[in-house]
Amino acid sequence: MENKKIAIITWHAYNNYGGVLQAYALRQAVSKLGIDNVDTINYKSDPPKVFRKIRFKDLATKFLVRNNKVKNLVQQNSSKFDNFREHNFTYTKRCENATELFLLNDEYDKFICGSDQIWAPTVFNENYFLSFVSDDSKKISYAPSMGLPVIDNKYIKEQIKKLISKFDSISIREEQGKNLIKDFTDKEIEVVLDPTLLLNKEEWNEKFKLEENNNDYIVFYCLGGKNKHYKIAKEIAKILNKRLIIIPGNIFDYRREEVQNVSPEEFLKLIYNASLVITDSFHGTIFSINFNVPFITLKRFKDNKLSQNSRIYNILKKVKLENRLYNDNIKDFMENININFNECNKIIEEERKKSFDFLNNAISKDNKNLGNKTITNICSGCGMCAAVCPTKCITIKLNENGFYSYEIDKERCIGCNKCKKVCGQLSTQINEIKEMKLYSAYSLNEDVLKHSSSGGIAYEISYYGVQNKIPIIGCIYNLELNRAEHIIVTKEEDLLKLSGSKYLQSYTVDAFKEILKLKQAIVIGTPCQISSIDRYLKSIGRRNDFILVDLICHGVPSYNLWEKYISKYKELDDVKFRDKKYGWRTMTMSINSQYHKNENKDLFYDLFRTQVVYNKSCYECKYRAKTNADIRIGDYWGQKFKKEKNGISMVIINTLNGQKLIDKLINDNKIKADKQPIEDYFKAQQTINDSMPLLYNQIIAELKDEKTSLKEISKKYCKKELRQNKIKKIIYRIYSTIKGR
Ligand SMILES: Cc1cc2nc3c(=O)[nH]c(=O)nc-3n(C[C@H](O)[C@H](O)[C@H](O)COP(=O)(O)OP(=O)(O)OC[C@H]3O[C@@H](n4cnc5c(N)ncnc54)[C@H](O)[C@@H]3O)c2cc1C
Ligand code: SF4
Ligand code: SF4
Ligand code: SF4
């Protein structure tokens with residue numbers, strides 16, 4: 001096979017023995033096919049946001065993690081895993097988000113997703129379905145598991161269906177999984193072995209020198225943390241008169257005296273040499289099968305339609321060892337403790353061959369070069385690509401989720417790639433805020449403060465611009481089209497139109513097209529918009545002629561929300577998202593100068609603050625702690641200025657031009673500004689992305705549904721979280737007061 005470059009996306013980074021070893025085994029299996037360049041994608045995802053009650057077990061876990069002894073053991077365990085990964089994996093460059101995954105497209109010939117439960121609908125994340133791979137003919141799935149016997153949410157099912165239909169070569173780990181997805185694609189779906197079974201006992205032993213003489217012990221490895229299971233293991237150990245060794249499968253195991261804090265290699269060694277393995281884990285079971293070690297599999301979950309036991313039933317059935325499933329009768333097991341593995345080994349050998357054949361064929365297939373015209377996989381709708389496209393074949397339109405994003409008329413595209421060169425989402429060089437200077441600042445003009453969202457710094461910067469004949473490109477609320485929109489302002493009397501945050505994605509194309517003609521300008525916008533302008537200006541060598549100002553930004557909500565919210569008004573003649581009627585710190589919506597509701601009573605703010613219907617790009621945002629603007633501005637949240645009534649801004653300086661402009665405003669007595677520690681940014685602002693809700697598509701669909709009221713949606717998805725946030729805020733305030741912050 002000619003030497004191809006392969007990238008694998010899987011759960012490699014969690015400190016779970018099965019997870020890390022399956023990731024390792026798949027790399028090895030691909031290498032065995034003669035591929036020298038196999039990299040694991042250096043990506044770790046957070047779980048999606050789910051709306052559920054706090055469980056006692058979660059609280060107990062949090063409590064236990066704080067215990068010093070347990071904390072130390074967990075840390076030791078973590079460094080053992082890191083050490084294993086360091087010595088046994090090669091990685092792609094670090095990918096923090098989906099757009100960084102997208103940048104791998106140019107480097108790799110094929111992408112494999114799998115194995116483990118990366119396709120489980122309960123933790124749905126489209127990156128594990130290779131959504132970032134732009135050429136479908138490069139997509140291979142190897143043994144992903146669906147985890148569950150059903151996909152019970154129709155919106156998630158629809159998403160999975162769309163994604164699976166794009167695979168060129170497709171395999172899955174369990175028969176049940178195949179049944180779930182067989183109608184999603186017209187391609188053949190192979191059921192293949194978990195990667196750990198692709199390497200046989202001898203290969204594992206050869207690599208990690210597993211064989212030892214001592215087998216006078218029983219291994220207990222359970223992920224469920226059930227006391228009942230521990231008691232069974234103790235009893236069996238007593239009957240057999242063997243030592244019990246616990247491999248930590250969950251945090252509660254660290255309290256037990258029999259625990260051994262082992263590395264993944266030591267995990268293999270303990271199982272390899274054990275006289276018996278007692279486990280509720282899928283990988284605990286299959287390593288026992290592979291190493292021909294007697295084992296007992298305990299049920300981790302109750303059998304119901306959402307139980308994850310099916311993958312264990314599947315493998316036991318496949319190798320005809322269903323009788324190893326514990327049936328609450330210790331005596332039964334004691335009588336049949338030794339297993340004849342002959343038939344099982346034969347079955348595995350045949351399945352191994354089939355699985356290797358699948359992998360080999362999938363990797364050998366030529367790519368079709370489908371001539372894909374993707375600019376980026378995660379579009380923020382900034383509009384800059386449409387502004388620069390020489391054939392005007394890009395349009396920026398509201399998509400079905402209610403966000404502006406690009407569309408290309410492929411017939412008219414000449415493949416010049418100008419769009420890609422300006423797209424901020426593809427930018428790889430963005431400056432870290434932690435190295436920058438920070439000020440607290442506010443306008444010395446009371447009228448400006450009254451109309452601005454926080455300290456009126458945006459106005460003062462813009463005022464400086466028009467006084468010096470520099471055009472301002474900023475955002476207004478367009479009352480005819482009911483949308484936020486960027487325009488060019490050159491006159492002082494129009495400046496107030498820009499004041500105030502519009503918490504919506506703004507339509508930019510017409511204004512941004514003007515940038516191509518202007519000699520200089522000041523542009524104010526969200527970081528994703530400014531990032532694209534920065535790339536464009538740098539590409540033409542004119543970056544220093546412009547002042548770019550971006551806003552600290554936690555995200556933009558769907559226009560589906562906004563349309564539902566304003567549908568009760570016949571006409572709008574005035575919209576303010578941040579009226580200062582109840583003070584600067586209380587966000588207050590004002591509509592037609594009559595309706596005034598603060599953030600705690602307003603339905604728009606319920607969904608906006610809980611971040612449940614943001615643009616996809618906002619859950620993958622690269623700019624939370626980085627910027628390429630000259631100046632970044634936002635609210636000075638946090639406790640420091642809690643007594644300030646009229647508004648105070650946080651101002652971050654990135655460039656010399658930015659510093660000169662702020663110095664000028666200070667010297668001209670336009671603003672009052674004081675230097676503050678940059679740490680305040682990290683204390684007061686959201687510097688990491690929130691996870692996308694698992695039910696995102698469902699919420700978006702409900703927003704479009706006329707029969708569902710906003711009140712119902714808020715009650716279903718937001719109220720609980722807002723209550724919890726309120727409690728957290730109170731605790732934080734008490735903590736800050738005690739600490740004197
Ligand atoms: C969507 C969004 C999310 C934000 N999130 C945060 C946050 O998490 N933390 C924080 O501290 N600050 C946030 N801000 C910024 C904050 O609301 C204030 O805009 C900022 O503090 C500047 O205040 P100001 O008084 O100087 O100017 P303002 O009077 O508020 O003027 C704001 C400037 O922003 C521009 N603008 C307004 N709406 C938009 C828009 N939709 N898109 C692009 N540009 C726009 C206008 O052109 C104007 O020049 C956000 C702003 C927006 C638009
Ligand atoms: S490649 Fe060129 S012509 Fe095609 S969409 Fe991009 S900018 Fe337009
Ligand atoms: S330039 Fe902006 S609108 Fe165009 S693809 Fe990139 S993010 Fe989307
Ligand atoms: S959160 Fe990020 S992606 Fe979303 S609007 Fe703000 S800057 Fe753009």
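All values derive from a computational prediction rather than experimental measurement.
Taking NZ of Lys715 as the reference point, atom OG of Ser709 lies at 10.0 Å (rounded to 0.5 Å). Atom CE in Met692 sits 13.5 Å away from atom OG in Ser45 (nearest 0.5 Å). Considering CG of Asn478 and CG of Asn482, their distance stands at 8.0 Å, rounded to 0.5 Å. The CE atom of Met146 lies 9.5 Å from the OG1 atom of Thr122; values are rounded to the nearest 0.5 Å. Taking CD of Glu432 as the start and OG1 of Thr627 as the end, the distance is 11.5 Å to the nearest 0.5 Å. Remark: Thr586 OG1 to Arg578 CZ distance equals 9.5 Å, nearest 0.5 Å.
Closest non-hydrogen pair, Ser558 versus Asn560, comes out as OG-N, 2.9 Å. The heavy-atom pair separating Ala625 from Phe682 by the smallest distance is CB-CE2, 3.9 Å. Across Arg609 and Glu599, no two heavy atoms sit closer than the pair NH2-O, 3.1 Å.
A tilted orientation is assigned to the rings of Phe124 and Phe129, their planes being inclined by 30° to 60°. Between Tyr636 and Phe641, the angle of the ring planes goes over 60°, which puts this pair in the perpendicular group of the 30/60° scheme. Using cut-offs of 30° and 60° on the angle between ring planes, the pair Tyr503 and Phe577 is perpendicular. Ring planes of Tyr463 and Tyr459: parallel class, angle under 30° (limits at 30 and 60°).
Residues Lys49 and Gln611 have side chains that never bring a donor and an acceptor to within less than 3.5 angstrom of each other. No side-chain donor-acceptor contact under 3.5 Å links Ser691 and Asp46. A donor and an acceptor atom, one from each side chain of Asn97 and Thr99, are located under 3.5 Å apart.
A donor-acceptor distance shorter than 3.5 angstrom exists from the side chain of Thr508 to the backbone of Cys382, with no hydrogens or angles considered.
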Which pairs would a plain distance check flag for residues 643-652, meaning a side-chain donor or acceptor within less than 3.5 Å of a matching protein atom at least two apart in sequence or in another chain?
{"residue": "Ser649", "atom": "OG", "partner": "Ser454", "partner atom": "OG", "Å": "3.1"}
{"residue": "Ser649", "atom": "OG", "partner": "Gly455", "partner atom": "N", "Å": "2.8"}

> Run the side chain to side chain donor-acceptor pair (under 3.5 Å) check on Thr588 and Asp579 step by step: do they pass?
Replying inline: CA-CA 5 Å; Thr588 302; Asp579 195 286; over 6 Å; no
> Between Asp510 and Ile487, does a side-chain contact (heavy atoms from CB on, under 4.5 Å) hold up when you go through it step by step?
Replying inline: CA-CA 8 Å; Asp510 301 330; Ile487 59 159; over 6 Å; no
> Run the salt bridge (Lys or Arg N to Asp or Glu O under 4.0 Å) check on Glu460 and Lys670 step by step: do they pass?
Replying inline: CA-CA 7 Å; Glu460 294 299 351; Lys670 293 290 174 196; 5.2 Å; no
>> For a side chain to side chain donor-acceptor pair (under 3.5 Å) check, start with the C-alpha distance between His554 and Tyr614, then their side-chain angles and the critical distance, and finish with the verdict.
In response: CA-CA 9 Å; His554 63 289; Tyr614 277 2; 3.2 Å; yes
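Ile688 CD1: 12 or fewer foreign heavy atoms inside a 6.0 Å radius.
A ring-centre distance under 6.0 Å is found for Tyr619 and Tyr696. Note: Tyr559 and Trp562 fail the aromatic proximity criterion, with ring centroids not under 6.0 Å apart.
In this structure, Lys616 pairs ionically with Glu126, as a charged nitrogen and a carboxylate oxygen lie closer than 4.0 Å.
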